[in-house]
Amino acid sequence: MKRMLRNAILSSALLAAASVAVPAAAQDEAIYIPNLAYRTGPFAATGTPLMNGQRDYITLLNERDGGLNGVKLEYDECETGYNTEKGVECYEKTKARAVVTQPWSTGITLQVLPKSNVDKIPILAPGYGFSPMADGKVFQWAYNPPSSYWDGASMILKNISDGNLDSLKDKKIAFLHLDHPFGKEPLPLLEVLAEKHGFNLVPIPVGLTEMQNQSAQWLQIRRERPDFVVMWGWGAMNAGAITEAVKTKYPMDQFVGVWWSGHDGDLKLVGDQGKGYRSISWSVPNSEAPLMADIKKYVVDAGKSQINQGEGEFDSVFYQRGLMISVILVEGIKAAQEEFDVRNPSPEQLRWGLENINLDEARLKELGAEGMLVPFSTSCADHTGHGGGWMLQWDGAKFVKASDLLTPDRAEIEKLEAEKAKEYAEANAPWPVNEECSM
Amino acid sequence: MFYRTAGQFKTSYEADHALFPVRQDAFLLGVVLVIAFVIFPLTASEFTFRALLIPVLIYSLAALGLNILTGYAGQLSLGTGAFMGVGAYACYKLITIFPEMNIVVAIALSGFFSAAIGVLFGLPSLRIKGFYLAIATLAAQFFLVWLFQKWAWLYNDNASGAIQVPNIDMFGITVAGPRATAITQYYFVLCVVCVITFFAINITRGRIGRMWKAVRDMDIAAELVGINLMRSKLMAFFVSSYVVGIAGALFVFLWRGAAEANLFDIPLSFRVLFIAIIGGLGSILGNFLGAILIVALPVIIGSVPQAFGIPLDSAMVEHLNIMIIGALIIAFLIIEPHGLARFWAMIREKFILWPFPH
């Protein structure tokens, strides 16, 4: 007993000493890319393939090309479990050496966003985060390429109305969303559009505790008989909604989700019965692409990947989207390296790089990823790129591309972006804006 | 030898009623305070402040609030998270409505809002006890979190439904918001926690505290000796919710910087309750020990593999962490079911006798 006590005290003292010494010096040469990952917790099922994709693209560059322009990339994960408290911890832990923050949750993004002006580390939130971040003059340090949630909402409406939003007049659209900052994101835009085009918007929130059991929400949907159900779901909520939709026999071709609601695993649960379900996406899986062949050769077959091959993760939308996310980041780093002629760009230099990404079709083809990502380019005023997206449709076994490239209706969104960005800057005064940017 | 209490005579009532009748206790506290006020600020990194010290202090304060209610007055509550939320939202509204208000004043006032809500939900305690009361406070938990989500006025109609802390200055120094430095925030939290702990120690060992303990141990007997049950129970709810509300305001303003409603959901209540139980119900020290175990230890364990260069996946570290902390909680509860505070009391007893045990 006594010895146990002494051991306990001793070891805790050791631990405390160790924790103070954490920010140890590591190799200066590699570019350190931390990722606030979540492979545990209620969102792990959807997070893991994305993180695997991000990780594998970096591994590929290191294995195939010896890094980026000869500099190794050091990919590191810090586990948050999608918990905002852990998010802060991870941010503080990694920020000393980080060139970029990848917060991976709208809640964590909201926490680190105000700090970006102080710590001067760019935030890269591809396809998530706060939609007004598109306004690069106000949000100098935040990037959400290639499409924001508001872009997504606009594209979904455009697609279900065949390009003419006025045809939605007097129709009823249920907006099934997670009752969380992420799910509420598109509401301001949808409300504006509903008023303008005369459709009837029914927001149906799903609480975090009722994600897996949405019988109340689907009862409401059955009663309201909406013409379309638009879903902003994540993690366990997607599977819950899709199985409920099957159970209540809601027509699948009237059910459309955001890009985070297009996870193969969720649809595999219902298989053929989910046929016709659509999800907007700015990336398309293409296992035949040259890039994928390289990934297979250098990473997967070399045993350096963590993917679950038996489950077909390699072909899944989310894994390949994870790859695209790293493609976007690496393009930014490369732009910074070339502009400033440095091997290891600083966060400030990377900020310039992320503002000058030019992923056009030619560049995507060069990377061997033609058609896997929407072509887009960023600028100091436009941190999103607004590349648009495609509709993916579930054919009973996999997601297939079901539309041409859709683009958002920017006129409405820009007004709202400017307004909300201004509000944010005022609420967080003093908030420096980029005055050098003349675009 | 070092902890010998023999020979310390009290010659006056004041000396006998002193906060620390034993000299070594006062000395030990002095050492802890010197470490907290001088050594940590000189040595700690920003990570240590933001991930270890500040959260431990804030969680200790929340557990202290709960401990007043549950440990001293014997009223079980599962609504701590929601009461913290009331404090946080009240502080947010005060700061945004009166931007020139001093943040200390705003935090002190926001405690009154959560105290009022606490008393309201404490009313059932006059009729029901134990688990039944826990269910009533659970209702507060669900209702308040729902309210935080639905009442857009509370978060100033923010599109994402979250509250965000603006930059707040006090005497020319930014104490809250993204521009505040970690060390200022640490000192701010530390001072608030010290002041409240000082009052809490004095309340709980004085007349009111004895009243609460009497109610806790047997309410019928307490009523028979002339204690007004309604007053003492509601007072316990008031004081407890006040402290919890302040902890909630600090939680968002001095630490998180942004919060959405579901942050104050039941997991937070349970976390605070665990801290209070593992630390020791009916003690002040226990809250701090409990918070160190529940809040700080996972962070420390999580950074061990990295510090020693052990290549482990961060997800694996997280899994191991959960297992280790779980095992430690069970181990501590087996060794000392009355919590870490009692554990320390036993060690102290041993020290007093050492090196000549009976």
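Computation of the quantities below employed the complete heavy-atom set of this structure, encompassing side-chain atoms and omitting hydrogens, waters and symmetry-equivalent molecules. Chain identifiers are assigned alphabetically (A, B, ...) following the order of the sequence lines, protein sequences preceding nucleic acid strands; residue numbering begins at 1 within each chain.
Around atom CE of M170(B), more than 12 heavy atoms belonging to other residues, nucleotides or ligands sit under 6.0 Å away. Surrounding NZ of K422(A) are at most 12 heavy atoms belonging to other residues, nucleotides or ligands under 6.0 Å away.
Only the side chain of Q164(B) comes within less than 4.5 Å of a heavy atom of chain A; its backbone N, CA, C and O stay farther away. Neither the backbone nor the side chain of P132(A) comes within contact range of chain B, judged by heavy atoms closer than 4.5 Å. If you measure heavy-atom distances from V317(B) to chain A, you find no contacts under 4.5 Å at all. N262(B) touches chain A through its side chain: at least one heavy atom from C-beta onward sits under 4.5 Å away, while N, CA, C and O do not. The contact between L263(B) and chain A is made entirely by side chain atoms (from C-beta outward), counting heavy-atom distances below 4.5 Å. Interface remark: Y91(A) contributes no atoms to any contact with chain B (heavy atom separation under 4.5 Å). Neither the backbone nor the side chain of F142(B) comes within contact range of chain A; no heavy atom of the residue lies under 4.5 Å from a heavy atom of that chain.
Looking at D313(B) and Q306(A), their side chains do bring a donor and an acceptor atom within 3.5 Å of each other.
The two residues G302(B) and K93(A) come nearest to each other via the heavy atoms O-NZ, 4.1 Å. Shortest non-hydrogen contact noted between P166(B) and A427(A) is CB-O, 3.3 Å. Across all non-hydrogen atoms, the minimal contact from A258(B) to Q111(A) is O-NE2, 3.3 Å. In plain terms, the two heavy atoms of E89(A) and A51(B) that are nearest each other are CG-CB, 3.8 Å. Residues R39(A) and A315(B) share a closest heavy-atom pair of CB-CB, 3.7 Å.
Each of D179(A), T48(A), V112(A), T80(A) has some count of heavy-atom pairs under 4.5 Å with chain B, and the biggest count is that of D179(A). Note: T84(A) leads V88(A), D119(A), T84(A), L113(A) in heavy-atom pairs under 4.5 Å with chain B.
With values rounded to the nearest 0.5 angstrom, K95(A) atom NZ is found 6.0 Å from R50(B) atom CZ. In this structure, CZ in R256(B) is found 11.5 Å from CG in L110(A), a value given to the nearest 0.5 Å.
Salt bridge annotation for R271(B)-E85(A): present, with a cationic side-chain nitrogen under 4.0 angstrom from a carboxylate oxygen.
The shortest distance between side-chain heavy atoms of P298(B) and K86(A) does not fall below 4.5 Å.
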Test D265(B) against T209(A) for side-chain contact (heavy atoms from CB on, under 4.5 Å), laying out the working first.
-> CA-CA 10 Å; D265(B) 216 342; T209(A) 44; 4.2 Å; yes
